[in-house]
There are 2 protein chains.
Amino acid sequence: MPDSTETVAGVHPDADRGPARTADRALRVLLAFRQRPEWGVSDLARTLGLDKANIHRLLTTLAGRGFVLADPDTRRYRLGPAIAVLARAAERGGALEAAARPFLSELAHDLDESAILNVPHGAAYRCTLAVDAAGPIRYSATVGETIPAHGGAAGHAIFAFYPVDQVRDLLAGALPKFNAHTVVDLDDLLARYERVRADGVAISHGEFDPNVTSVAAPCFAAGQVVGSVVVIGPQDRMSGKVDTAVDRVRAVAERLSRVLDGVPTTT
Amino acid sequence: MPDSTETVAGVHPDADRGPARTADRALRVLLAFRQRPEWGVSDLARTLGLDKANIHRLLTTLAGRGFVLADPDTRRYRLGPAIAVLARAAERGGALEAAARPFLSELAHDLDESAILNVPHGAAYRCTLAVDAAGPIRYSATVGETIPAHGGAAGHAIFAFYPVDQVRDLLAGALPKFNAHTVVDLDDLLARYERVRADGVAISHGEFDPNVTSVAAPCFAAGQVVGSVVVIGPQDRMSGKVDTAVDRVRAVAERLSRVLDGVPTTT
DNA sequence: AACACTGTTTCAATTATTGAAACGCTATCG
DNA sequence: CGATAGCGTTTCAATAATTGAAACAGTGTT
């Protein structure tokens with residue numbers, strides 16, 4: 001995923017009707033913080049291949065709106081509170097939620113079970129969008145509910161694609177046991193993650209809620225996990241259609257990922 | 001909080017060595033999405049007082065890095081996946097957050113309740129980091145949420161250490177009453193602050209959220225309050241461990257303060 | 001059928017951006 | 001202890017990128 005590319009085409013001297021350069025550089029500065037949480041002016045300038053003075057001005061501009069924050073002592077910059085604010089806005093009305101809605105409806109209708117979108121939230125994940133199944137007996141999801149990372153397939157489908165050391169960091173300490181089927185050992189969980197990565201889906205039989213089976217697949221944007229799509233229902237009813245659910249959920253998650261990367265929907 | 005201001009001073013024709021205008025405008029475009037989840041080009045241009053063509057270029061620039069995403073059908077823009085990606089980075093590597101994280105985890109684990117970091121934000125405070133308790137019943141904090149200064153122990157622990165005249169200035173006007181236990185009189189609040197300064201901790205029994213007890217202690221950097229550490233949970237469960245919580249929270253806040261004043265944290 | 005409204009493209013004027021260089025400053029090293 | 005190398009910041013003239021008005025192409029409404 002190229003994001004440090006400055007100019008796409010500099011061959012021809014003219015005809016560079018591209019994006020606004022100054023704004024684009026500011027965005028590149030922001031994105032640099034996912035490689036390293038803390039940057040100094042010179043270091044960042046060297047990394048991005050830009051001038052010191054230029055980076056300095058961009059950083060103060062970003063700081064003026066709260067997107068970064070300068071440690072007064074070390075003179076180094078970290079991401080600021082405006083990011084968290086925007087993230088909250090995105091959780092309600094972001095492109096992910098908007099794009100996922102029709103896909104969830106499709107899943108819920110085809111499989112006749114509830115479909116949910118989850119996003120990572122610290123060492124947990126949060127349900128941001130749900131389309132319940134039509135029938136009276138169904139999994140009724142609560143939008144806004146937060147569930148620990150190791151609880152259920154939806155969590156596996158997200159955190160399996162986190163860097164392993166980050167997972168160890170996030171899930172340090174005892175993992176609460178929700179019932180007999182909960183994965184409580186960290187190494188067991190990491191082994192489980194390996195299979196999830198290989199399969200592209202996670203399946204849970206009552207690991208969080210008892211007697212509930214769920215099938216989840218990750219969706220990506222710019223090469224990173226940003227959430228998971230889940231189909232979930234009562235265990236006895238799901239058992240007959242797990243295979244179908246696996247195919248559908250995986251396909252939908254892939255299509256969603258493609259939309260998020262900017263490729264227009266082909267269907 | 002003015003954030004739609006274009007130029008700060010346009011009186012004098014020269015001497016505008018301010019932030020980079022193009023980048024700043026791009027940030028204002030981003031911030032507009034917390035007012036409305038979806039924007040069209042013309043509408044946004046009118047709201048920000050800028051030209052259509054200008055906004056269009058900025059939006060495509062933002063879209064190029066994934067900060068916004070255009071619905072191909074409606075041609076309207078929403079916040080994109082890059083926001084969520086950055087939010088994840090900020091959750092781990094924000095300024096204070098980097099230093100506070102291990103302390104919060106320790107508190108949450110030891111007391112088995114949610115632990116939160118708050119920072120002052122005008123006449124309010126904002127939750128910038130939360131480590132939720134493990135169990136199913138817990139205070140689930142929302143990162144980015146802003147709460148008025150006089151609401152809850154976390155606010156007391158911060159603003160008790162502000163200069164008194166500054167507090168009078170900030171909290172001039174009526175203080176909203178959240179429930180029966182909210183402190184709404186400024187003099188009562190200042191008296192309360194005196195006790196908080198003496199104790200080094202603030203305790204709230206349902207002053208903001210009903211049936212919720214919280215224990216908060218301030219953390220300092222360079223002699224100034226920069227935030228507060230809170231342990232918070234359901235009132236009935238907390239009542240048995242308030243004394244323990246007071247000791248732990250105070251101790252952790254002091255250790256955090258020492259870290260902030262001492263060795264530069266490199267993650 | 002004309003209208004009002006989108007989003008997009010074009011293009012010359014000008015304005016804001018840019019990068020090199022100079023400036024304090026702190027820490028490291030010989 | 002003085003020199004040096006690194007940092008972040010400021011300055012400023014040249015330049016190149018931004019800008020906004022206007023024209024364009026659709027769409028849905030009146």
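Below, chain A is the first sequence line, B the second, and so on; all start at residue 1.
Partners of B:Asp71 according to the salt bridge (charged side-chain N to carboxylate O under 4.0 Å, His left out) rule, which considers only residues two or more places apart in sequence or in another chain, do not exist here. A search for salt bridge (charged side-chain N to carboxylate O under 4.0 Å, His left out) contacts involving B:Asp51 returns nothing, not counting sequence neighbours. Partners of A:Arg75 according to the salt bridge (charged side-chain N to carboxylate O under 4.0 Å, His left out) rule, which considers only residues two or more places apart in sequence or in another chain, do not exist here. Listed by chain and number, the residues in a salt bridge (charged side-chain N to carboxylate O under 4.0 Å, His left out) with B:Glu38 are B:Arg76, B:Arg78 (sequence neighbours excluded). B:Ala87 is linked by a side chain to side chain contact (heavy atoms under 4.5 Å, CB included) to A:Ile83, A:Ala87, counting only residues two or more places apart in sequence or in another chain.
If you take CG of B:Asp71 and C1' of C:dG7, they are 14 Å apart, rounded to a whole angstrom. When rounded to the nearest whole Å, the span between CG of B:Asn54 and C1' of D:dA21 equals 12 Å. Here the C1' atom of nucleotide C:dC11 and the CZ atom of B:Arg57 are 12 Å apart, to the nearest Å. Between B:Asp73 atom CG and D:dG28 atom P there is a gap of 12 Å when expressed in whole angstrom units. When rounded to the nearest whole Å, the span between CG of A:Leu50 and P of C:dA20 equals 11 Å. Following rounding to the nearest Å, B:Leu44 (CG) and C:dT6 (C1') show an atom-to-atom distance of 14 Å. Rounded to whole Å, the distance from CG on A:Leu58 to C1' on C:dG19 is 13 Å.
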Would you sort out whether B:Arg168 and B:Tyr162 count as a side-chain hydrogen bond (donor to acceptor under 3.5 Å, both in side chains), showing the intermediate values?
CA-CA 10 Å; B:Arg168 288 190 183 279; B:Tyr162 269 44; over 6 Å; no

Write down the protein N/O and nucleotide N/O pairs, taken from nucleotides 7-10 of chain D, whose separation is under 3.5 Å; answer none if there are no such pairs.
unit_1: D:dC7; atom_1: OP1; unit_2: A:Arg46; atom_2: NH2; d: 2.7
unit_1: D:dC7; atom_1: OP2; unit_2: A:Arg46; atom_2: NH2; d: 3.3
unit_1: D:dG8; atom_1: OP1; unit_2: A:Val41; atom_2: N; d: 2.8
unit_1: D:dG8; atom_1: OP2; unit_2: A:Val41; atom_2: N; d: 3.4
unit_1: D:dG8; atom_1: OP2; unit_2: A:Ser42; atom_2: N; d: 2.6
unit_1: D:dG8; atom_1: OP2; unit_2: A:Ser42; atom_2: OG; d: 2.7
unit_1: D:dG8; atom_1: O6; unit_2: A:Lys52; atom_2: NZ; d: 3.2
unit_1: D:dT9; atom_1: OP2; unit_2: A:His56; atom_2: NE2; d: 2.7
unit_1: D:dT9; atom_1: O5'; unit_2: A:His56; atom_2: NE2; d: 3.0

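Not one side-chain nitrogen or oxygen of A:Thr22 sits closer than 4.0 Å to the OP1 or OP2 atom of C:dA16. Of the side-chain N and O atoms in A:Arg21, none sit less than 4.0 angstrom from OP1 or OP2 of D:dT18. At the phosphate of C:dT18, OP1 or OP2 sits under 4.0 Å from a side-chain N or O atom of A:Arg25.
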